[in-house]
Student: 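I'd like to ask you about the structure that follows.
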Amino acid sequence: SSDVCSSDLSMGTTEKEDLELPEWDVGDSWVYTFSTPQFGQDSARLVVVEADDGEGNYVVGISSEREAQRHAVINHNPFLGRMNQQSLGVYEQGEVQQVFWFPWQKDASWSFNLFGQSWTSEVKSMYNKEIDVEATSAEGHKIKYTFDTNIEFLSTFEWTDDEGVSQLSMV
């Protein structure tokens with residue numbers, strides 16, 4: 001196809017439209033296993049429960065009552081609640097944070113705030129419809145995630161602290 005990004009052979013089957021912001025619909029969902037040191041492991045479905053809340057946001061809920069309660073108490077999952085439709089940005093203290101960068105570009109770099117820290121992130125690879133991103137904070141924490149354009153959201157997300165201990169894992 002002429003839409004295949006042939007200028008960068010490392011992209012495999014990733015096409016130009018795969019790099020664009022996806023549009024979600026009510027009912028779109030993704031099943032994850034969540035792991036944290038405080039709470040162990042739990043599996044749950046993230047689901048788009050509202051596609052426009054009147055302010056240009058998606059509202060994302062979760063099928064696990066336990067995970068919903070944990071998020072309500074300690075806000076440990078940034079992908080629950082409101083997400084901005086223009087960027088899939090998550091909210092941290094009321095401000096939209098650009099965890100993702102559309103359209104995706106190899107070696108793109110940007111900053112955002114999450115988990116109370118400032119992060120500098122970079123697209124590390126784009127191959128076969130998967131975008132691998134790494135972010136580091138001034139405190140020495142790391143976030144690594146893969147945005148899978150086949151499912152239009154994360155296939156993995158891992159936040160590790162400065163001692164290498166996983167604080168949140170989504171698979």
Student: To check you understand the geometry: which heavy-atom pair defines the closest contact between Ala51 and Val26, and what is its length?
Tutor: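 For Ala51 and Val26, the tightest heavy-atom pair comes out as N-CG2, 3.5 Å.
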
Student: Would you find a donor on one side and an acceptor on the other, under 3.5 Å apart, between the side chain of Asp161 and the backbone of Val165?
Tutor: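 A pair under 3.5 Å: yes.
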
Student: Determine the interplanar angle of the Phe102 and Trp104 rings, folded into 0 to 90°, and report it as parallel if under 30°, tilted if 30 to 60°, perpendicular if over 60°.
Tutor: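 Judged by the thresholds at 30° and 60°, the geometry between Phe102 and Trp104 is perpendicular.
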
Student: Within this structure, what is the CG-CZ distance for the pair Leu168 and Phe79, rounded to the nearest 0.5 Å?
Tutor: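 Reported to 0.5 Å precision, the distance equals 8.0 Å.
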
Student: Would you name the heavy atoms of Ser43 and Thr33 that are closest together and state the gap between them?
Tutor: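 It is OG-OG1, 3.0 Å.
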
Student: Should Thr146 and Glu130 be marked as a side chain to side chain donor-acceptor pair (under 3.5 Å) after you check the CA-CA gap, both sets of side-chain angles, and the distance that decides it?
Tutor: CA-CA 6 Å; Thr146 299; Glu130 293 185 345; 5.4 Å; no

Student: How many angstroms lie between atom CE of Met126 and atom CG of Asp18, to the nearest 0.5 angstrom?
Tutor: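 Rounded to the nearest 0.5 Å, the CE-CG separation comes out at 9.0 Å.
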
Student: Find the distance between CD (Gln97) and OH (Tyr91) and round it off to the nearest 0.5 Å.
Tutor: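 Between atom CD of Gln97 and atom OH of Tyr91 there are 10.5 Å.
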
Student: Could you report the tightest heavy-atom contact between Asp25 and Val48, atom names first, then the distance?
Tutor: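 Closest approach of Asp25 to Val48: O-CB, 3.5 Å.
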
Student: Using the side chain to side chain donor-acceptor pair (under 3.5 Å) rule, take Thr160 and Ser166 through it: C-alpha gap first, then chi angles, then the decisive distance, then the call.
Tutor: CA-CA 4 Å; Thr160 56; Ser166 177; over 6 Å; no

Student: What I'd like to find out is whether the side chain of Val99 reaches to under 4.5 Å of the side chain of Leu114, using heavy atoms alone.
Tutor: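 Yes, close enough: below the 4.5 Å cut-off.
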
Student: Using side-chain contact (heavy atoms from CB on, under 4.5 Å), reason through Glu139 and Asp162 one step at a time and then give a plain yes or no.
Tutor: CA-CA 7 Å; Glu139 293 81 2; Asp162 58 338; 5.9 Å; no

Student: Compute whether any side-chain donor of one residue and acceptor of the other, for Glu92 and Asn113, lie under 3.5 angstrom apart.
Tutor: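 There is no such pair (donor and acceptor under 3.5 Å, judged by atom type) between the side chains of Glu92 and Asn113.
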
Student: Residues two or more places apart in sequence or in another chain: which of them pass ring pair (Phe, Tyr, Trp, His ring centres under 6.0 Å) with Trp24?
Tutor: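 In terms of ring pair (Phe, Tyr, Trp, His ring centres under 6.0 Å), with neighbours along the sequence ignored, Trp24 is linked to Trp30, Tyr58, Phe153.
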
Student: Atom CZ in Phe112, atom CD in Gln117: separation rounded to 0.5 Å?
Tutor: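 Phe112 atom CZ to Gln117 atom CD measures 10.5 Å (nearest 0.5 Å).
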
Student: Shortest non-hydrogen contact from Ser169 to Val171?
Tutor: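 Distance-wise, the nearest heavy atoms are OG-CG2, 3.8 Å.
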
Student: Quick check on the 6.0 Å ring-centre criterion: do Phe157 and Trp159 meet it?
Tutor: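 Centroid distance Phe157-Trp159: not below 6.0 Å, so no.
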
Student: Any side-chain heavy-atom pair from Leu88 and Leu21 closer than 4.5 angstrom?
Tutor: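 In short, these two side chains touch, coming nearer than 4.5 Å.
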
Student: Let me see the working for Asp52 and Gln85 under side-chain contact (heavy atoms from CB on, under 4.5 Å), right down to the final yes or no.
Tutor: CA-CA 8 Å; Asp52 185 355; Gln85 287 179 301; 3.8 Å; yes

Student: Going through the distances and angles, do Tyr145 and Phe100 end up as a ring pair (Phe, Tyr, Trp, His ring centres under 6.0 Å)?
Tutor: CA-CA 10 Å; Tyr145 65 84; Phe100 309 116; 5.6 Å; yes

Student: A side-chain contact here means heavy atoms from C-beta on lying under 4.5 Å apart; do Val123 and Ile131 qualify?
Tutor: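 Answer yes - side chains close enough.
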
Student: Okay, side chain of Thr149, backbone of Lys129: is any donor-acceptor separation there less than 3.5 Å?
Tutor: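 Checking the backbone N and O of Lys129 against the side chain of Thr149, a donor-acceptor pair under 3.5 Å is found.
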
Student: Give, for atom CE of Met83 and atom CG of Leu46, the distance between the pair rounded to the nearest 0.5 Å.
Tutor: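 That separation rounds to 9.0 Å.
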
Student: Looking only at the side chains, is there a donor atom on one of Gln98 and Ser87 sitting less than 3.5 Å from an acceptor on the other?
Tutor: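 Present: a donor and an acceptor within the cut-off.
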
Student: Does Lys124 have any salt bridge (charged side-chain N to carboxylate O under 4.0 Å, His left out) partners at least two apart in sequence or in another chain, and if so, which?
Tutor: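 Only Glu122 meet the salt bridge (charged side-chain N to carboxylate O under 4.0 Å, His left out) criterion with Lys124.
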
Student: Keeping Glu134 on the side-chain end and Ser121 on the backbone end, is there a donor-acceptor pair under 3.5 Å?
Tutor: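 No; zero donor-acceptor contacts below 3.5 Å.
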
Student: If the plane angle is over 60° it's perpendicular, under 30° parallel, otherwise tilted; pick one for Tyr32 and Phe34.
Tutor: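 Taking Phe34 first and then Tyr32, their aromatic rings sit tilted (interplane angle of 30° to 60°).
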
Student: Could you check if a side-chain atom of Asp53 sits within less than 4.5 angstrom of a side-chain atom of Arg82, using non-hydrogen atoms only?
Tutor: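 Side-chain contact under 4.5 Å: yes.
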
Student: Might you confirm whether atom CD of Gln86 has over 12 heavy atoms from other residues, nucleotides or ligands at distances under 6.0 Å?
Tutor: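 Open.
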
Student: How close do Ser111 and Thr120 get, counting heavy atoms only, and between which atoms?
Tutor: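 For Ser111 and Thr120, the tightest heavy-atom pair comes out as OG-OG1, 3.9 Å.
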
Student: Count the heavy atoms belonging to other residues, nucleotides or ligands that lie under 6.0 Å from CH2 of Trp101, then report whether that count exceeds 12.
Tutor: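 Counting other residues, nucleotides and ligands, CH2 of Trp101 stays at 12 neighbours or fewer.
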
Student: Heavy atoms only: give me the nearest Ile143-Phe115 pair and the separation to one decimal.
Tutor: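 Minimum heavy-atom contact is CD1-CE1, 4.0 Å.
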
Student: With rounding to the nearest 0.5 angstrom, report the CD to OG1 distance, Gln41 to Thr36.
Tutor: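 One finds 10.0 Å between CD of Gln41 and OG1 of Thr36.
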
Student: Would Arg45 and Ile62 count as a side-chain contact (heavy atoms from CB on, under 4.5 Å) if you check the C-alpha gap in whole Å, the side-chain angles of each, and the deciding distance to 0.1 Å?
Tutor: CA-CA 6 Å; Arg45 179 180 301 274; Ile62 195 163; over 6 Å; no

